[in-house]
Number of protein chains: 2
Amino acid sequence: MGKAAATRLTILQKAFELIYINGYQSTSIDDIIATTKVTKGAFFYHFKNKEEMGLAVINEMMEQTMGKMLLEPLLSSENPLNAIYEMMEYLLIQDPYLQIKYGCPTNNLIQEMAPLNEKFSEALSKIMNQMLLAIENAIERAKNLGLVKAAVNSKEVAIFVTSGYGGIRNLGKLYGTNDYYQAYLKALKSYFESLE
Amino acid sequence: MGKAAATRLTILQKAFELIYINGYQSTSIDDIIATTKVTKGAFFYHFKNKEEMGLAVINEMMEQTMGKMLLEPLLSSENPLNAIYEMMEYLLIQDPYLQIKYGCPTNNLIQEMAPLNEKFSEALSKIMNQMLLAIENAIERAKNLGLVKAAVNSKEVAIFVTSGYGGIRNLGKLYGTNDYYQAYLKALKSYFESLE
DNA sequence: TCAAAAACATACTATTCGGTATGTTTTTGA
DNA sequence: TCAAAAACATACCGAATAGTATGTTTTTGA
């Protein structure tokens, strides 16, 4: 990676980190450059404005991570329903980059920016579509494997499960303890059993 | 109501409206006074600072509404499970004050402010505790009425259902259509049936 | 090697925002 | 009625912020 590309990446990484913690609007460009060795001139050389940088964070940082975290394990799983549960458990309990008090980066940005900025909505929709589709396909595959009742509507379940994930992340932010995560996971497991 | 109290209420109502749409941090005091006939002097006569006003919005506007919308119908319902579903359906589809693209006022504020402000977290926790407890009690009552399996854990279900509500509101903000609400409600209904 | 382009650095600006200082007007109650 | 307190109005301030103007340094490629 060239030096210029490294500078750009430094900006995006720090920006992602600060946006995850404080939100997009509360993250100032001065914040980003103060905690890196990047100057304002370099920042505006790489990005036309703050909005373009925010979109790059979504498209180049968040989307990739989400894809690798989701599509790969779900696509090849022998027990798709179980794979979804494991993914949730990983995201909520194991993932070292996500913290209870800061919630889920994607859901945070949706909450903050969806009503305010069409471009952000589009970029975030791609990520959520990835997630919804991955789960829907997994359920569909579970149906074909005879692991889930044929009457189950895959799309509805995907929406239901994805909603639950976003919501429990928000409850985690509020209460700051993973007790709620544990309770949620138990209920999720029961729910999945009801689909068999 | 005295004139002073009316001024205070005007501020709180407009503040709630703008915070619901744009978020707390993006709602400036200048915004609030520009769209009312309240001056800055009056604003700071009634509230020590912006934070105190924000807390008043939560405690005096949101908490009451939530209590009346939740506790009352759920407490007296003959079929508690059905009452929860009806409440969700009302909040998502019927409620004239809530809009798809702006999501849920409480969940919005949690998302934005929980990691940033302890006082906001406390105030918002009271509201969410109300909701969680109301649902938990309703499930418990359904169990006593023989409408729900004894093995069901009321607290876990309350957390699961509350998460789902917050999450689907966020998806609604992203996609701007109530198709997702409808799919969510169908899945919720199926889920409730699995508890019987 | 060396000029042109890319990449970065610094100082500055216009605007916004929360909050204050200092008033004036309105209400209250003895 | 009238003074004191409550309620409101206006002008202003300092800090923060996105973005720009104008440089200098580094890299590139012929």
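A quick note: this is a predicted structure, and the numbers were derived from the prediction, not measured. In what follows, chains carry the letters A, B, and so on, assigned in the order in which the sequence lines appear, proteins first and then strands, with residues in each chain numbered from 1.
- Note: Y180(A) and Y175(A) have parallel aromatic rings, judged against thresholds of 30 and 60 degrees for the angle between ring planes.
- Counting only residues at least two apart or on different chains, the ring-ring contact (aromatic ring centres under 6.0 Å, His included) pairs with a member in residues 9-32 of chain B are Y20(B)-Y102(B), Y24(B)-F120(B).
- Applying the ring pair (Phe, Tyr, Trp, His ring centres under 6.0 Å) rule to F192(A) yields no partners; only residues at least two apart in sequence or on another chain are considered.
- Sorted by residue number, the members of residues 32-53 of chain B with any non-hydrogen atom under 4.0 Å from DNA chain C read K40(B), F44(B), N49(B), K50(B).
- D30(B) places its CG atom 12 Å from the C1' atom of dT15(C), with the value rounded to the nearest Å.
- Of all nucleotides in DNA chain D having an atom under 4.0 Å from a heavy atom of chain B, the first and last in 5' to 3' order are dA6(D) to dT10(D).
- Legend: residues meeting ring pair (Phe, Tyr, Trp, His ring centres under 6.0 Å) with Y165(B), ordered by chain and number and at least two apart, are absent.
- Among residue pairs with one or both ends in residues 137-148 of chain B, those qualifying as side-chain hydrogen bond (donor to acceptor under 3.5 Å, both in side chains) are S77(B)-R141(B), E140(B)-S154(B); sequence neighbours excluded.
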Under 3.5 Å, side-chain donor or acceptor atoms of residues 79-90 of chain A against the rest of the protein: list the pairs with distances, not counting sequence neighbours.
| residue | atom | partner | partner atom | Å |
| --- | --- | --- | --- | --- |
| N79(A) | OD1 | L81(A) | N | 3.3 |
| N79(A) | OD1 | N82(A) | N | 3.2 |
| E89(A) | OE1 | Q94(A) | NE2 | 3.4 |

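- For DNA chain C, the residues of residues 6-29 of chain A within the heavy-atom distance limit of 4.0 Å (strictly under) are T7(A), sorted by number.
- Rounded to the nearest 0.5 Å, atoms NE2 (H46(B)) and CG (L9(B)) are 10.5 Å apart.
- Sorted by first and then second residue, the side-chain hydrogen bond (donor to acceptor under 3.5 Å, both in side chains) pairs involving residues 59-72 of chain A (not counting sequence neighbours) are R8(A)-E60(A).
- Taking the six-membered ring for Trp and thresholds of 30 and 60 degrees, Y191(A) and Y191(B) have ring planes more than 60 degrees apart, a perpendicular arrangement.
- Stem analysis of DNA chain C (at least three stacked-register Watson-Crick or G-U pairs, each with both distances under 3.5 Å) gives C:1-30 with D:1-30.
- Residues passing the salt bridge (Lys or Arg N to Asp or Glu O under 4.0 Å) test with E136(B), sequence neighbours excluded: none.
- Among pairs with a residue in residues 122-154 of chain B, none fulfils ring-ring contact (aromatic ring centres under 6.0 Å, His included), at least two apart in sequence or across chains.
- No salt bridge links K14(B) with D31(B); every basic N to acidic carboxylate O contact stays at or beyond 4.0 Å.
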